[in-house]
Protein chains: 2
Amino acid sequence: MAICRQGAGDRLLFVDMRGNVAITIKDIARQAGVSAATVSKVLNRKDQFISEETREKIWSLARERNYTPNSIARSLVTRSSRVIGIIVPDILNAYFTELVRACDVAARERGYSTILCNSDSDPEKEAAHLTFLASHGVDGIVMAASDLIPDAGLLERLRIPLISMDREIPELDCLAARIDTDYETGAFLSASHLIGAGHKRIAFVSGNPLASNTKIRRAGYERAHREAGLPIDPDLIECGAFNHRFGLMATRTLLDRTSFSAMCCMSDMLAMGATVALRERGLGVPEDCAVMGFDNIYIAPLLVRPLSTVERRISEAGQLAVDALIDFLDDPTQPRRMVLMEPTVILRETT
Amino acid sequence: MAICRQGAGDRLLFVDMRGNVAITIKDIARQAGVSAATVSKVLNRKDQFISEETREKIWSLARERNYTPNSIARSLVTRSSRVIGIIVPDILNAYFTELVRACDVAARERGYSTILCNSDSDPEKEAAHLTFLASHGVDGIVMAASDLIPDAGLLERLRIPLISMDREIPELDCLAARIDTDYETGAFLSASHLIGAGHKRIAFVSGNPLASNTKIRRAGYERAHREAGLPIDPDLIECGAFNHRFGLMATRTLLDRTSFSAMCCMSDMLAMGATVALRERGLGVPEDCAVMGFDNIYIAPLLVRPLSTVERRISEAGQLAVDALIDFLDDPTQPRRMVLMEPTVILRETT
DNA sequence: CTGAAAGCGCTAACAT
DNA sequence: ATGTTAGCGCTTTCAG
């Protein structure tokens with residue numbers, strides 16, 4: 001925690017640059033000639049019954065000696081850390097980068113800090129992070145879509161208020177809110193746009209085929225086809241993961257297997273990978289193949305050929321999640337929120 | 001921390017799903033018929049003098065009742081949290097996303113976790129984060145380039161082992177290592193490549209003009225010109241920030257002000273913004289204007305027109321930083337490391 | 001081999 | 001208006 005050395009007596013002393021012992025509430029108390037309790041009250045602004053004089057003295061002493069409270073000790077007694085944990089599959093996915101940033105901003109605005117964990121969509125890591133966060137006393141957790149159903153037993157046991165983002169989750173006592181995107185509609189809009197533009201063979205690329213958030217999107221894609229009276233060809237479907245590497249591989253596979261004039265990618269990262277694969281084969285976007293993304297990550301409009309995509313207001317979702325969590329922490333009896341965000345289509349230059 | 005309710009007696013009880021009180025070392029001790037000290041020893045594997053029998057009993061009890069140690073309490077007494085803090089200007093900048101991810105991976109490999117802070121290149125926020133991290137007892141801090149010189153007094157006072165990445169920093173007692181990139185060479189290579197390709201008027205776009213990491217890059221850009229006997233035109237220089245928004249604006253400004261056939265951007269985000277601005281004006285890359293980036297962020301090769309850039313092995317740098325930090329934590333007497341990473345040029349399709 | 005005791009820095013009843 | 005006391009859950013001598 002800090003570089004320390006043996007003190008004059010027996011106890012370990014934390015020393016600063018000039019060899020002074022690091023400041024605790026007791027030191028302030030001694031110097032001010034009051035008790036630790038009084039210092040605590042003043043510093044926590046529970047000082048209605050403290051004389052103006054001692055108050056002043058304590059504050060000036062604290063400032064002068066650069067007193068910083070030990071949050072660890074405080075958390076131990078108050079059983080609250082004002083920290084919230086955030087678990088996402090992979091912060092390298094720009095969608096989650098934005099989400100995490102939004103959560104962090106929202107949390108800080110309300111006096112909370114965040115601890116970030118990457119799960120790599122691995123349930124083991126996810127469980128480890130959950131335990132880690134619990135053990136570090138976070139007040140709440142925002143958990144975003146990994147592809148798999150979490151260990152509900154663990155979640156129940158931890159009893160830490162939880163916000164679940166974009167994933168199915170069992171009914172939990174500690175569930176503070178669910179923030180979801182209407183994937184079915186999003187995928188439906190995406191496919192419908194492409195169908196409306198005259199495309200008949202549209203590839204569908206998405207994440208883990210076993211995960212509900214892929215199944216649901218696929219349902220939207222299929223509904224668009226049914227409503228347009230178009231057949232659904234399983235050869236056009238490739239599901240694996242939401243990152244750009246899979247987008248690249250899936251597109252190569254599709255290109256080898258069949259033909260199509262448009263792609264319905266279920267994340268922008270996927271769409272970026274797809275675009276690279278298309279170029280590899282000398283196919284122009286959108287002339288030879290149109291590409292739709294999903295998420296509207298902040299780099300989507302920065303691509304040389306700005307990506308048409310499904311907007312899902314990532315930052316708003318992150319903000320919503322954290323606010324719901326902290327509101328729940330403030331008052332756990334309030335009704336649980338279930339938010340379903342409606343996506344919209346943004347047309348740029350890849351379709 | 002957890003949902004609690006008033007117990008049978010007076011004290012607050014932390015209850016799990018079945019109404020059981022949350023497990024502490026004492027509970028295990030009571031059930032096993034031993035003392036808390038013994039349980040602590042076993043669970044921490046300081047059990048050379050504990051009988052096989054009690055050891056077994058304690059482990060099985062701990063597992064059965066899902067005991068999770070309270071890290072807060074542990075940190076309070078051990079004065080070590082096995083957490084390291086990471087401060088970056090903005091995780092939305094893909095360069096820092098990668099850096100943070102690499103630090104996190106490296107830290108976890110060695111049994112540490114990370115807490116992330118975004119400073120927005122704001123010294124006030126940076127100071128606040130430093131204080132926050134100190135107060136939360138992190139064992140060390142990795143701090144990456146904000147544009148401004150930090151408050152050395154604060155750093156000295158905190159006395160937390162620090163890794164400084166890509167920035168000038170005063171000689172500090174607690175400085176565990178500095179990881180730097182040779183920006184001068186990087187910028188020199190970038191400009192030289194462009195000059196070698198026949199360009200005579202090359203724009204230079206970089207971050208905060210007052211920050212040393214801009215000045216140093218500018219020196220490399222100018223040296224390339226001098227060595228090639230080319231004049232340096234201040235009209236071609238635009239410095240402000242490293243993000244894509246500034247890249248966009250700067251390029252518009254440059255385009256309005258003067259003419260050039262190539263751009264030397266001091267970050268890939270800047271280059272992405274520049275590319276957008278160029279397109280806006282109907283200029284093709286690289287036919288009408290070549291663009292060089294810097295950083296080689298993972299999306300650089302994913303752009304429709306893959307970006308030529310200066311590679312700086314971001315993940316390796318992050319890994320290096322965390323390893324240096326933890327090595328220092330393990331043995332503070334070892335010599336401080338100063339690493340200067342050498343960048344190389346990667347040619348793709350924008351030049 | 002095990003336990004008792006002390007204490008990390010702080011807060012919160014309850015006295016005074 | 002302030003101090004006393006008792007702990008939060010854990011680790012760590014030191015004494016049996």
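Below, read A as the first sequence line, B as the second, and so on, with proteins coming before strands; counting in each chain starts at 1. Just the heavy atoms: all of them, side chains too, but no hydrogens, waters or symmetry mates, feed the values below.
Distance, Arg82(A) CZ to dC10(C) C1': 17 Å, rounded to whole Å. In this structure, CZ of Arg74(A) is placed 17 Å from C1' of dG7(D), rounded to the nearest angstrom. Taking atom NZ of Lys26(A) as the reference point, atom P of dC10(C) lies 9 Å away to the nearest angstrom. Distance CD1 (Ile72(A)) to C1' (dG7(C)): 16 Å, rounded to an integer number of Å. In this structure, Leu76(A) places its CG atom 9 Å from P of dC8(D), rounding to the nearest Å. Taking atom CG on Leu43(A) and atom P on dA12(C), their separation rounds to 13 Å, with Å as the unit. To the nearest angstrom, C1' of dA4(C) lies 17 Å from CZ of Arg30(B). One interatomic measurement links the two molecules: CD1 of Ile28(A) to P of dT2(D), which rounds to 16 Å at whole-angstrom precision.
The CG atom of Leu130(A) sits 7.0 Å away from the CG atom of Leu162(A) when rounded to the nearest 0.5 Å. With values rounded to the nearest 0.5 angstrom, Thr131(A) atom OG1 is found 9.0 Å from Asn66(B) atom CG. Lys57(A) contributes atom NZ, which lies 7.5 Å from atom OG of Ser51(A) (distance to the nearest 0.5 angstrom). With values rounded to the nearest 0.5 angstrom, Gln31(A) atom CD is found 7.0 Å from Glu64(A) atom CD.
A sub-4.0 Å separation between OP1 or OP2 of dC10(D) and a side-chain N or O of Tyr67(B) is present. At least one side-chain nitrogen or oxygen of Lys46(B) sits closer than 4.0 Å to the OP1 or OP2 atom of dT12(D). Between Ser75(A) and dC8(D) there is no side-chain N or O to OP1 or OP2 distance below 4.0 Å. The phosphate of dG9(D) has OP1 or OP2 within less than 4.0 Å of a side-chain N or O from Arg79(A). One finds a side-chain N or O of Thr38(A) lying less than 4.0 angstrom from the OP1 or OP2 phosphate oxygen of dG3(D). For the pair Thr78(B) and dC10(D), the criterion of a side-chain N or O lying under 4.0 Å from OP1 or OP2 is not met.
Between Val34(B) and Ala36(A), the residue whose closest nucleotide on DNA chain C is further toward the 5' end is Val34(B). Taking for each of Lys41(B) and Ser71(B) the nucleotide of DNA chain D with the nearest heavy atom, the 5'-most of the two is the partner of Ser71(B).
Proximity note for Ala37(A) (side chain, C-beta onward) versus dG3(C), dT2(D), dA12(C): the nearest is dA12(C). The listed nucleotides are dT11(C), dC10(D), dT13(D); the one nearest the side chain of Asn44(A) is dT11(C). Residue Phe49(A) places its side chain closer to dA1(D) than to any other of dT4(D), dA1(D), dG9(C). Residue Val77(A) places its side chain closer to dC10(C) than to any other of dG3(C), dT2(D), dC10(C). Comparing atom distances between the Ser40(A) side chain and each of dT11(C), dC10(D), dT2(D) picks out dT11(C) as nearest.
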Stepwise salt bridge (charged side-chain N to carboxylate O under 4.0 Å, His left out) test for Glu98(A) and Arg101(A): CA-CA 5 Å; Glu98(A) 273 185 79; Arg101(A) 185 64 154 112; over 6 Å; no

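Heavy atoms only, all atoms of each residue included: Ser35(B) and Ala29(B) are closest at C-CB, 3.6 Å.
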